[in-house]
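In what follows, a single structure is set out as structure tokens and then discussed.
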Amino acid sequence: MIAPSDRTPLPRDFFDRPVLDVAPDLLGRILVRSTPDGPIALRLTEVEAYDGPNDPGSHAYRGRTARNGVMFGPPGHVYVYFTYGMWHCMNLVCGPEGRASGVLLRAGEIVEGAELARIRRLSARNDKELAKGPARLATALGVGRDLDGTDACAAGETPIRIVAGTPAPSHQVRNGPRTGVAGEGGNGDVHPWRFWIADDPTVSPYRAHAPRRRRS
DNA sequence: TAACCGATACACT
DNA sequence: GTGTATCGGTTAT
């Protein structure tokens with residue numbers, strides 16, 4: 001169950017900070033997804049920061065487009081993108097409006113509504129896999145492009161909100177190169193902006209960027 | 001119009 | 001644990 005104190009979304013000020021401050025602070029927080037069938041709550045265990053203007057790994061790096069427009073808007077809103085022609089991934093917009101920074105939600109532990117998540121994640125072999133990976137997380141929560149631009153800080157029965165939860169103590173926070181971003185993880189390791197909770201079984205395995213095989 | 005992007009499932013070892 | 005097949009949307013040309 002969600003405690004009454006957990007019904008209040010984190011304020012917009014929480015997200016209106018440098019993305020590298022927000023990202024680790026999101027670990028241990030609870031994402032509450034309201035669906036017609038009931039709520040699903042997820043404790044965040046792994047995130048990645050993307051800093052629009054400086055960050056070649058960010059969708060916003062090349063400027064504003066129809067797809068990434070939400071990233072350029074006010075903080076505390078949800079940016080959802082479609083990838084691999086099959087899946088969605090979910091981000092939270094951070095920093096001041098126009099900065100186009102965001103945090104990709106990579107993994108978490110379902111703490112309420114697991115029965116609803118299991119229906120969407122039939123291939124998961126156990127509950128730890130329900131949201132282990134960004135597309136799995138979005139699938140488990142039933143998040144698609146229709147939720148792009150949702151305000152996660154709004155009051156009332158919103159589709160998505162982030163509540164305080166129990167922030168991960170800093171001594172349990174680890175960071176390292178981001179998954180699947182070109183140039184990271186090798187000698188470069190220029191952006192060790194993946195943050196996770198140490199030893200948490202729901203954190204996704206690290207995979208270096210796979211070089212593309214030339215199309216024949 | 002075509003190149004490019006990228007997370008997962010599953011088969012296999 | 002490793003290798004491979006899978007796709008539609010986005011962007012630049």
Side-chain angles (χ1 to χ4, degrees), chain A residues 23 26 31 33 40 42 44-73 77-93 100-110 114 116-150 160 176-186 188-197 199-216:
Chain A
L26 278 167
L31 186 161
R33 167 80 174 111
I40 305 174
L42 174 104
L44 291 167
T45 59
E46 181 189 355
V47 300
E48 276 176 7
Y50 288 86
D51 195 13
N54 309 318
D55 182 359
S58 168
H59 284 179
Y61 183 61
R62 282 167 235 277
R64 184 174 192 147
T65 65
R67 172 172 72 154
N68 66 20
V70 169
M71 288 194 78
F72 290 79
H77 289 241
V78 176
Y79 167 53
V80 181
Y81 67 87
F82 185 66
T83 188
Y84 274 84
M86 286 172 253
W87 292 294
H88 293 89
C89 295
M90 175 181 179
N91 303 256
L92 291 165
V93 179
S101 297
V103 176
L104 171 66
L105 307 185
R106 289 197 53 88
E109 173 195 5
I110 304 281
L116 300 175
R118 289 186 201 112
I119 292 168
R120 295 194 174 86
R121 291 275 301 118
L122 292 177
S123 64
R125 289 171 300 192
N126 57 65
D127 282 4
K128 292 176 179 51
E129 288 187 354
L130 286 174
K132 183 186 276 194
R136 290 169 169 181
L137 183 154
T139 301
L141 298 176
V143 169
R145 276 287 277 173
D146 56 315
L147 290 175
D148 187 49
T150 299
I160 293 171
R178 295 178 297 186
T179 301
V181 173
E184 304 216 5
D189 194 10
V190 286
H191 294 318
W193 292 351
R194 174 177 173 247
F195 300 88
W196 67 94
I197 297 178
D199 301 320
D200 191 288
T202 64
V203 171
S204 66
Y206 172 73
R207 283 210 255 300
H209 177 74
R212 281 197 77 68
R213 204 158 73 92
R214 177 100 181 98
R215 191 173 176 260
S216 56

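Numbered from 1 within each chain, the chains take letters A, B, ... in sequence-line order.
There is a side-chain donor-acceptor pair under 3.5 Å between A/His59 and A/Tyr79.
A/Asp127 contributes no side-chain N or O that, together with a main-chain N or O of A/Leu130, makes up a donor-acceptor pair within less than 3.5 Å. A/Lys132 contributes a side-chain N or O that, together with a main-chain N or O of A/Pro201, makes up a donor-acceptor pair within less than 3.5 Å.
Whole-Å rounding puts the A/Met86 CE to C/dT10 P distance at 15 Å. Atom NE2 of A/His88 is separated from atom P of B/dT8 by 13 Å (rounded to the nearest Å). One can place CZ of A/Arg62 at 12 Å from P of B/dC4, the figure rounded to the nearest angstrom. Taking atom CG on A/Leu122 and atom P on B/dC10, their separation rounds to 10 Å, with Å as the unit. Counting to the nearest Å, the C1' atom of B/dA7 and the CZ atom of A/Arg106 are 9 Å from each other. If you take CG of A/Asp146 and C1' of C/dG9, they are 16 Å apart, rounded to a whole angstrom. When rounded to the nearest whole Å, the span between CG of A/Asn68 and C1' of B/dC5 equals 14 Å. Between the C1' atom of C/dT10 and the OH atom of A/Tyr61 lies a distance of 18 Å, rounded to the nearest Å.
If you find the closest nucleotide of DNA chain C to A/Arg145 and to A/Gly85, the one lying nearer the 5' end belongs to A/Gly85.
For A/Phe82, the listed nucleotide lying nearest its side chain is C/dG9; candidates were B/dT8, C/dG9, B/dA7. Closest to the side chain of A/Arg67, from the set B/dC10, B/dA7, C/dT10, is C/dT10.
Contact annotation for A/Thr65: backbone-only contact, meaning every heavy-atom pair under 4.0 Å involves sugar-phosphate atoms and none involves a base.
Of all heavy-atom pairs spanning A/Ala49 and A/Ala23, the tightest one is CB-CB, 4.1 Å.
For A/Thr83 and B/dA7, the shortest distance from a side-chain N or O to OP1 or OP2 is not below 4.0 Å.
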